[in-house]
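Here is the structure we will look at.
Sequence lines set the chain letters: A, B, ... in the order given, protein chains first and strands last, and positions in each chain run from 1. What you see is a predicted model; the values in this text were computed from it and never measured.
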Amino acid sequence: MSEATARRLSDDLLRPLLETSWRFWLLVVFLGAIVATGLGTWFYQMYHGFGMTGINMPVYWAFYVTTFVFWIGISHAGTLISAILRLVNAGWRRPVTRCAEVITVFALMIGALFPIIHLGRPWLFFWLIPYPNQRMIWPNFRSPLVWDFFAITTYLTGSVLFLFLPMIPDFALVRDKTTGLRRRVYGALALGWQGTPKQWHRLESAMQIMAIAIIPVAVSVHTIVSFDFSMAPVPMWHSAIFGPYFVAGAIFSGIAALILAMAALRKFLHLEAYLHPVHFQNLGKLLLMMSLLWAYFIFNERLTVWYGNATAEREVLLVTQRGSFAPLFWTMVVCNFVIPFVVLSVKRLRTIAGCVVASLTVVVGMWLERFLIIVPSLSHKYLTYTWGHYRPQPVEIIIVSSTFAAMMLLYVLFSKLVPIISIWELKVGEHYVADTAPPQAAAHPLLRAHP
Amino acid sequence: MAVDLDRCTGCEACVTACHAENNIPTVGPEQAGRGRAMHWIRVERYWEGEFPDVRVRFRPVMCQQCDAAPCEPVCPTYASHHTDEGLNAQVYNRCIGTRYCANACPYNVRFFDFFNPQWPKPLHLQLNPDVSLREVGVMEKCTFCVQRISAAKIAARADKRDLKDGEITPACAQACPSKALVFGDLNDPESEVSRLSQSARGSKLLEDLGTLPKVTYLERQSGV
């Protein structure tokens, strides 16, 4: 890579850090206002009592737990995909990994809030944590909610490390390019990086170890989230397929979130030279495969329940497919399967815009999927006398929507403070940047056919 | 406990007595309409047959005090736990309100305090001093009137004697005019409840789920 290209890379990718327009502040204030409204609504709910929500007997879990599972699912985009792409050393990963990994960290932080928001007494949430106390009381290690606590904290710690390691050389770059307070802050974050061969070697091995270690952690996290449901004797929850089904759904919605984030970055930070249509096409193909896998799982799940014909389970199945939940169910099928399948399997439609449309529907569909796993089962348990309904109330809708603004806000702030595309990885890689492709790659017949 | 379905008339005296004994808040018609009514014992009403040949069936349902209770392992803080006597107890002060126990309970007999409890006047004057009040955000449920069990045990120990069968009566059984509810010690083979539990008419609610409930329902014999 020539000296000029390297300089252009640094200039392009550091520009968001060094120059700030009024539009950035407008966006931050707008998103911040929504997040503040959400926080205020949460305090309102705590002050007046949990009854402000639509929760009732028998639907004791609904919007908040749905959104909890949704965000933990979104978190599977980043780390898992980035770890796999790193391990197989896919060259096209280089501009994608960091914006993927950071989704994981923020989605986990937001998702982990929901088990606290949904508590009847959220101020006592720390009783879920095993901490030494004079009463000698420990949490109940048999409870899947305690497993959740361990799974999420492990995954969050691992993901933060996994995100942080490849940022070190870039922090050092920012340190060297700035002055004053900013230089000191980035200098501290760079942990004394000098770029010696020994440091490079250590960074490389640490990243390799984290990439291998984080994959089983990611798989276990969503399996454990699925255990929240499958460990309870509730019709259509108590199912052995839930572990892999939830993991597949998590990766599915995660890829969709990644495509949306990349499209937004490409547009607003003008990264057209770095995020190419081929990135979206590759991720689009992955999304298509996950859509098929998701359809396979849900078909499996529903067919076995239908043939099993157990009284309580059949009622839940029918109320979802034909009863009051049917409009939501078929919307979910269209969003998660029909639209992504059509858009992503036709090559002409698999453009950036096509991938964005498919990802949007997948995000909506996967939220509905979690809702349809939780609410129909709870509202149609064994004793027909206790069947019930659920209707979300304003507090739930406001709090849930404000977390989407929180995700965007965190992402916007992050891309302002950290180069969202790993500069050093682009430099060391032979990644195709604008018109400086290495000749042997351009000459490859496959690449010529599909640039 | 044994419940004779032949004797139950659906009068709901048990429900009222339970509310009075256990300081259960009345939530008002609007909240009750939204599914927030808290009846530790409820009388389920089912219709059989087609009009005009319709029969109504009643079934009082309270916490079944399962031996293999699904609510217990899922509670992250041990608020829902098993006592040495085999009761399924709820420690209100330890509950943080995940409501997981209520989801796991196949009988839907666990209730959540959506708001701080309130009693319309003059009900606030008749609170039972032996039963703790529950604050907003915790789960509560039938205790088999554990305060009466404890009081009877203390009285028996003071008199240096064993508990007699029939000495302890929960509020619901005490209020039942047709004596459909019978309470006693299942470990005592001589007790009336043990005898009724062995009855050929006896069955457990949702027995197939393997929760080993301690309440036996005696099926109807009469055609009416």
Side-chain angles (χ1 to χ4, degrees), chain A residues 46 48-61 65 115-116 118-128 137-149 228-229 231-235 237-238 310-312 374 377-379 381-391 393, chain B residues 27 31-39 42-46 58-59 61 68 70-81 91-117 134-139 205-206 208-211:
Chain A
M46 276 196 270
H48 287 279
F50 205 81
M52 300 314 290
T53 65
I55 302 286
N56 58 56
M57 200 285 281
V59 188
Y60 281 115
W61 286 359
V65 177
I116 301 175
H118 104 121
L119 286 184
R121 300 200 292 174
W123 48 92
L124 296 175
F125 78 93
F126 59 92
W127 285 358
L128 287 165
I137 304 177
W138 293 94
N140 179 2
F141 290 104
R142 297 175 303 167
S143 168
L145 291 181
V146 175
W147 309 345
D148 260 355
F149 169 76
D228 285 348
F229 307 103
M231 292 299 146
V234 174
W237 278 15
H238 193 57
T311 327
I374 295 169
S377 287
L378 288 180
S379 57
K381 271 155 78 174
Y382 301 94
L383 300 174
T384 50
Y385 183 83
T386 61
W387 282 4
H389 297 287
Y390 168 76
R391 211 172 267 276
Q393 293 299 307
Chain B
V27 296
Q31 289 295 316
R34 290 174 61 183
R36 272 93 179 265
M38 294 199 270
H39 304 309
R42 63 170 177 258
V43 180
E44 296 190 350
R45 204 169 32 175
Y46 293 100
F58 298 111
R59 180 167 63 201
V61 179
C71 55
E72 287 166 2
V74 299
C75 175
T77 59
Y78 284 117
S80 172
H81 72 282
V91 185
Y92 308 124
N93 286 340
R94 186 66 184 160
C95 175
I96 58 175
T98 67
R99 306 184 297 287
Y100 200 170
C101 54
N103 288 343
C105 173
Y107 307 99
N108 279 338
V109 289
R110 306 184 64 99
F111 301 92
F112 185 65
D113 283 274
F114 286 95
F115 296 103
N116 264 316
R134 282 78 63 180
E135 79 166 6
V136 65
V138 305
M139 298 299 306
L205 197 53
L206 303 177
D208 294 350
L209 295 176
T211 52

Which one wins on heavy-atom pair count under 4.5 Å against chain A: B/T98, B/L205, B/D113? B/T98

Turns out that what part of A/D148 lies under 4.5 Å from chain B's heavy atoms comes down to neither

A/H238 NE2: over 12 foreign heavy atoms closer than 6.0 Å: no

Most heavy-atom pairs under 4.5 angstrom with chain B, which of A/A312, A/P144, A/A232, A/G51? A/G51

Sub-3.5 Å donor-acceptor pair from the side chain of A/N140 to the main-chain atoms of B/C75, do we have one? yes

With a 4.5 angstrom heavy-atom cut-off, could you sort out which part of B/Y46 is near chain A: side chain, backbone, both or neither? side chain

Taking everything shown except A/H48 itself, do over 12 heavy atoms lie less than 6.0 Å from its NE2? yes

Best-contacting candidate, B/V138, B/V136, B/N108, B/V74, against chain A by heavy atom pairs under 4.5 angstrom: B/N108

Heavy atoms only, distances under 4.5 angstrom: which of A/I55, A/L124, A/T384, A/V65 has the most pairs with chain B? Name it, please. A/I55

Is the closest side-chain heavy-atom distance between A/K381 and B/Y107 below 4.5 Å? no

Kindly confirm or rule out a cation-pi arrangement of B/R110 over A/Y60, judged by NZ or CZ under 6.0 Å from the six-membered ring centre and within 45° of its axis? no

Option that, when pairs with chain A are counted at under 4.5 Å, heavy atom only, ranks first among B/T211, B/N93, B/V61, B/V27: B/N93

B/Y78 side chain to A/I137 main-chain N or O, any donor-acceptor pair under 3.5 Å? no

Are B/E72 and A/R142 within salt-bridge range, i.e. N to O under 4.0 Å? no

